[in-house]
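A note on names: the letters A, B, ... follow the listed sequences, proteins ahead of strands, and every chain is numbered from 1.
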Number of protein chains: 2
Amino acid sequence: MKIGDLAARTGLSVDTLRYYEKIGLIPAPLRDAGGRRVYDASILRWLQFLERLKATGMGIRDRLAYAELRARGAETARERREMIERHRQKVAASLWEMQKTLELLDEKVETYRKIEAGEIEDPGALPAPRAVKGART
Amino acid sequence: MKIGDLAARTGLSVDTLRYYEKIGLIPAPLRDAGGRRVYDASILRWLQFLERLKATGMGIRDRLAYAELRARGAETARERREMIERHRQKVAASLWEMQKTLELLDEKVETYRKIEAGEIEDPGALPAPRAVKGART
DNA sequence: TCTTGACCTGAAGTGCGCTCCAGCACCTAG
DNA sequence: CTAGGTGCTGGAGCGCACTTCAGGTCAAGA
């Protein structure tokens with residue numbers, strides 16, 4: 001698989017793939033006779049997992065640290081498990097935040113519907129600023 | 001309330017609050033005789049809501065657009081509702097992603113425990129790269 | 001054969017979201 | 001009355017995560 005194919009399959013750009021390789025997030029692939037990158041299909045699963053980590057808020061530094069442990073093999077299993085456990089806690093917290101916010105957004109939508117129907121005034125309206133003695137506006 | 005107090009209450013830095021004001025995310029507060037910002041307690045709810053939007057992935061451009069609509073009052077209720085509804089969809093999608101990832105992370109942790117116990121080999125191990133004819137490494 | 005498009009490298013540039021700094025004014029507790 | 005803390009402004013700087021660019025090489029189809 002050439003870099004353009006991999007980009008098409010992952011949704012990442014060719015530039016992003018080269019960037020990931022440069023920083024060490026993905027291993028340097030073999031090259032063909034013309035010096036072009038040739039990827040093994042196994043890279044797909046790894047990139048998909050990295051995307052999951054990214055989508056759930058893991059920064060590139062941590063993803064890189066994880067990638068480096070992974071490259072060192074089974075001896076780093078404990079460290080990787082600890083990283084994953086820490087990330088799991090963050091994801092769980094974020095999940096909770098998302099759920100609360102979803103409820104809040106639903107309430108907001110209801111409120112806006114009422115405003116639109118003329119049933120209530122805008123409750124988020126800015127209070128008219130009152131002058132303060134000697135204020136230097 | 002002075003800016004330092006507001007920073008302490010919100011967890012934002014004094015610089016961040018001034019930055020938010022500069023870009024229009026929060027309204028310019030009144031000033032005291034010495035030219036210092038004096039905040040009304042109502043700013044707290046607004047900042048908390050902005051934090052929710054931010055924590056759930058809404059970028060500063062969209063938060064700013066929302067803030068501008070809000071400042072224009074009740075006539076923008078429909079537009080704000082539509083923004084919130086769009087964001088709701090994104091949050092719902094993200095929530096789903098988080099849940100799937102949480103399961104995946106739990107599986108990973110189990111896998112690492114087994115590797116640590118010596119029960120299995122590292123399934124994420126990199127396949128040994130095979131040479132490609134004429135490769136220019 | 002020619003041309004077009006995919007690929008290569010190293011380096012510079014971009015947008016976001018702050019964060020820090022210099023150099024100053026002000027207020028208040030000791 | 002003075003020292004220290006808090007606040008002010010405008011502007012520079014920063015870390016992240018790419019993205020774009022210049023200036024090429026290479027391969028495969030018409």
Side-chain angles (χ1 to χ4, degrees), chain A residues 1-40 43 47 49-68 87 90 132-137, chain B residues 1-40 43 47 49-68 87 90 132-137:
Chain A
M1 200 177 2
K2 281 188 290 174
I3 199 168
D5 304 327
L6 184 57
R9 274 167 209 261
T10 57
L12 296 170
S13 75
V14 165
D15 288 309
T16 298
L17 289 168
R18 282 195 286 246
Y19 166 71
Y20 280 179
E21 178 183 330
K22 188 166 115 191
I23 65 169
L25 206 51
I26 56 178
L30 294 168
R31 302 296 182 113
D32 68 13
R36 294 172 178 179
R37 291 168 178 83
V38 178
Y39 293 95
D40 185 283
I43 194 76
L47 280 168
F49 183 59
L50 285 173
E51 269 310 290
R52 280 293 181 77
L53 293 180
K54 180 186 165 187
T56 51
M58 186 186 281
I60 211 161
R61 299 265 172 214
D62 283 351
R63 277 177 290 157
L64 185 51
Y66 184 83
E68 281 164 358
H87 187 57
K90 286 190 189 171
V132 160
K133 59 163 184 175
R136 226 198 239 179
T137 314
Chain B
M1 201 177 1
K2 282 188 287 174
I3 199 167
D5 304 328
L6 184 57
R9 274 168 209 262
T10 58
L12 297 169
S13 75
V14 164
D15 285 311
T16 298
L17 289 168
R18 283 195 287 245
Y19 167 71
Y20 281 179
E21 178 183 330
K22 188 165 115 191
I23 66 170
L25 207 52
I26 56 177
L30 295 167
R31 303 294 184 112
D32 68 12
R36 293 170 182 184
R37 292 169 179 83
V38 177
Y39 293 95
D40 186 284
I43 195 75
L47 281 168
F49 183 59
L50 286 174
E51 269 309 292
R52 280 291 181 79
L53 293 179
K54 180 186 166 187
T56 51
M58 185 185 283
I60 211 162
R61 299 267 172 214
D62 283 351
R63 277 178 287 156
L64 186 50
Y66 183 83
E68 280 163 359
H87 187 57
K90 287 191 189 171
V132 160
K133 61 164 182 173
R136 225 199 240 178
T137 315

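At C/dG17, none of the side-chain N or O atoms of B/Tyr20 fall inside 4.0 Å of OP1 or OP2 (strictly under the cut-off). For D/dC26, neither phosphate oxygen OP1 nor OP2 lies less than 4.0 angstrom from any side-chain nitrogen or oxygen of A/Arg36. Between B/Thr16 and C/dT19 there is a side-chain N or O to OP1 or OP2 distance below 4.0 Å. Under 4.0 angstrom from either OP1 or OP2 of D/dC18 there lies at least one side-chain N or O belonging to A/Lys54.
Summarising the geometry, the separation between CG on B/Leu64 and P on C/dC16 is reported as 11 Å, rounded to the nearest angstrom. As a whole-Å value, the separation of B/Asp62 CG from C/dG15 P is 16 Å. Rounded to whole angstrom, the span from the CE atom of B/Met58 across to the P atom of C/dC16 amounts to 15 Å.
The existence of a salt bridge linking B/Asp5 and B/Lys2 is excluded, since no basic side-chain nitrogen approaches an acidic carboxylate oxygen closer than 4.0 Å.
In this structure, B/Lys90 and B/Met58 have side chains that are not in contact, with every pair of non-hydrogen atoms separated by 4.5 Å or more.
Within 4.0 Å (heavy atoms only), B/Arg37 reaches sugar-phosphate atoms of the nucleic acid but no base atom.
Between B/Asp15 and A/Arg18, the residue whose closest nucleotide on DNA chain D is further toward the 5' end is B/Asp15.
The side chain of A/Arg61 lies closest to D/dC16 when the candidates are D/dC16, C/dA6, C/dC26.
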